[in-house]
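Taking it in order: structure first as structure tokens, then the write-up.
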Amino acid sequence: MDNSAKHLLQRLVRRIPVSMLKSTLDKWERLTAEKRKSLDFTQSKWIITQELVALCEKSELTVKHITELEMIYLTAFCLFVCFLFPDDAHSVELMQFKELFKSHLRELQRNVSVKIKKHTDQAVWIRVAWGDGLSSPNHLKATYVVLYLQTPYVFVNALSSKHKPLLLQALTLSTRHQQIKAANLSGQKLTALRDLLMRQYQQVSQPPLMRHRMARETFGDGMLPALQSAVFKLETKFKGPTNEAMTQRDEPFICSVKFSSSNLLESLRHCASSGIASTPVTPMLSSIPLKGRNYFVITDNVLTA
Amino acid sequence: HSGVVKRRSKSQSYRRSIRTCFGVASGLGLTPALTARRMNTSRKAPRSQNITEKVKPEHLELLVKTEWQLSYVTPLYQFRHTQLKSYSRQLSAFIAAEKQEGLAVEVGGLQNTFKVSFSVLQGLAETSDDPETVLIQVQSKPMFARQEDPPKTVWCGWLSCINGNPEYLQSLPKDFTCLPLFCSKGAEDLSSLVKSWLQRTFDCCFGPLDINQTTLQWLAALWTNCHMETNIQNLKMIWTLPVLPPLQVTYTVDSDDVLDLWRSTRESSAEKSREAEDEVCIDFSEVTRFMQGLMSHFYRHFRVDLSAGELNQVSSALGSAKVNGKIKISSSRYLISIFSLLTECALLKMPI
């Protein structure tokens with residue numbers, strides 16, 4: 001473990017209150033349970049720091065791992081996800097993104113310190129320390145952003161309302177998207193959120209050309225008959241990846257969904273080609289043109305996964 | 001369904017200042033927030049309150065089962081609850097004068113006379129800092145109507161402050177009355193005239209109070225929570241997806257099932273917090289998980305990502321709320337709770 005990593009770790013541990021240290025290290029998962037157990041948190045902070053540095057050295061951890069720890073500590077309060085839209089925008093390559101992001105941000109706010117780093121798992125980590133016309137960047141209250149350039153997801157933490165529009169605009173422009181929306185997802189663990197989304201995303205991420213083709217194949221080409229609505233009565237068991245209590249329930253989750261539009265088939269086709277609906281299109285939706293129906297009752301026997 | 005009722009000290013919700021996820025408007029409107037205050041990230045669950053003792057039945061009848069257009073208004077300078085008769089006369093005269101100027105007033109045509117009445121709508125102010133609600137009604141009578149023909153109420157509005165943030169209210173200079181929530185219904189041109197008069201008379205400012213994604217999500221969760229006490233029949237949510245032509249998705253969930261989902265998202269967090277609570281307190285992270293659950297179930301069937309769109313409307317048997325700032329309360333029992341939430345939204349719009 002080189003000196004810069006050691007130094008970073010020491011500085012970081014100094015900032016983390018002892019009361020939070022144990023839980024933060026547990027979430028970090030870079031030290032085995034056995035190693036973590038060997039730490040005595042009743043000792044003085046200084047001693048704990050020394051012991052922790054020794055453990056990290058033994059585990060041959062690097063700066064990258066330490067910055068992960070920093071991220072976990074800082075994101076213990078709020079990490080939220082944004083979604084860049086539309087997700088079939090041409091993806092940008094890293095060098096280009098770095099230059100664009102830095103220049104856009106600096107145009108919007110003077111005296112910002114931006115550090116961008118690519119990690120081995122395709123993640124791009126950005127650290128922004130904000131200053132303004134009068135003061136130099138404040139490194140104690142930096143904003144962290146993690147994005148995966150091939151996906152529309154952006155993870156953000158520690159962002160004040162003053163800086164939010166600036167950061168989001170810089171992100172949108174430098175990734176060549178049109179807008180960015182909050183994805184109604186927040187949490188404490190970056191890796192958990194990332195995995196949840198990537199699992200979902202993998203299901204939708206067919207390349208744009210393929211999506212366009214499938215959309216046309218499913219719904220048709222050119223002008224489509226102006227169907228205005230479709231109704232689905234759902235009587236299936238609840239399906240949600242993270243909710244055990246509900247998925248164990250025997251009774252169906254009764255709900256109904258109505259899709260309406262001035263031209264429903266065109267809207268659905270556009271959903272498929274833009275990635276809002278994942279392709280291949282689910283039989284639920286493709287049944288509308290294929291079976292020529294717009295009223296369906298779906299039970300667990302009828303639903304095809 | 002019997003709700004477990006626990007009390008948590010009110011100050012808790014003001015102390016926590018965890019950032020929440022606000023829906024980021026498309027196009028990144030770069031207008032900076034006028035105020036650094038944030039919406040409470042944690043609030044008490046609405047409890048059924050019988051306000052029929054506090055509020056006159058004719059007032060209650062006026063308030064419920066009606067769709068109101070919401071606006072916010074900045075504090076009124078030198079407004080006196082004792083001068084309402086005078087204000088009534090002044091506003092009537094103002095409307096008549098504007099008509100003479102040739103300003104077309106939609107309702108009834110030029111031969112109508114308009115009579116304004118200001119009155120106090122008692123019973124809604126919850127705390128000692130809340131000023132009493134003021135009701136404004138505009139009645140119209142065709143000039144050649146018979147004496148016995150009753151005048152018709154053509155426009156109605158009310159200014160209120162329900163459970164307003166005491167810190168903010170107490171910080172205002174003495175001569176200001178804060179009634180930030182303005183609800184109106186009736187012809188748009190009369191709304192403009194009333195607002196115009198209020199603006200020039202009390203040196204205040206109006207603006208539209210859009211009900212944003214966060215508030216709509218709160219309402220979805222809060223109304224679902226109410227099902228423990230009062231049958232909400234179902235929870236209906238309407239999204240629009242940004243495709244061409246725009247696609248509207250109406251997702252309606254049976255009340256018992258949606259309550260089970262809500263309870264399951266709460267249980268996982270209740271386990272973590274061991275604090276003694278004697279009033280059910282809801283944190284926004286639970287609301288987010290609840291919405292995630294609903295969207296996941298939807299996704300599993302249709303493989304359509306609702307979060308790519310915008311939630312436009314939430315409704316239940318207890319009322320409905322639309323993103324363009326329209327609200328309807330169908331049950332007087334939850335009126336105070338819902339309008340407290342809206343007062344909070346209105347106060348967030350106040351410039352410091």
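Throughout, a chain's letter reflects where its sequence line sits, starting with A, and its residues are numbered from 1.
- With a 4.5 angstrom heavy-atom cutoff, A/I254 touches chain B via backbone and side-chain atoms both.
- In this structure, A/R293 places its CZ atom where more than 12 heavy-atom neighbours from other residues, nucleotides or ligands lie under 6.0 Å away.
- With chain A as the partner, the residue from B/V304, B/T252, B/L235 showing the most heavy-atom pairs under 4.5 Å is B/T252.
- Looking at A/P280 and B/R303, their side chains come closer than 4.5 Å, going by heavy atoms from C-beta outward.
- For the atom pair CZ of A/F253 and NE2 of B/H301, the computed distance is 10.0 Å after rounding to the nearest 0.5 Å.
- Ranked by heavy-atom pairs under 4.5 Å with chain B, the list A/P252, A/S267, A/A272, A/S262 is led by A/S267.
- Annotation: the span from B/Y299 atom OH to A/S278 atom OG amounts to 3.0 Å, rounded to 0.5 Å.
- If you measure heavy-atom distances from B/P245 to chain A, the contacts under 4.5 Å come from both the backbone and the side chain.
- Annotation: the span from B/L247 atom CG to A/R269 atom CZ amounts to 13.5 Å, rounded to 0.5 Å.
- B/L241 has its side chain out of reach of A/F259: every pair of non-hydrogen atoms, C-beta onward, lies at least 4.5 Å apart.
- With chain B as partner, the option from A/L268, A/L264, A/L234, A/V231 having the largest number of non-hydrogen pairs under 4.5 angstrom is A/L234.
- A distance of 9.0 Å separates OG1 in A/T247 from CZ in B/R300, rounded to the nearest 0.5 Å.
- Residues A/T236 and B/H297 are in side-chain contact: their nearest non-hydrogen atoms beyond the backbone lie under 4.5 Å apart.
- With values rounded to the nearest 0.5 angstrom, A/M246 atom CE is found 5.5 Å from B/D260 atom CG.
- In this structure, the side chains of A/C255 and B/V258 stay at 4.5 Å or more apart for every pair of heavy atoms.
- Heavy atoms of A/K237 lying under 4.5 Å from chain B belong exclusively to its backbone.
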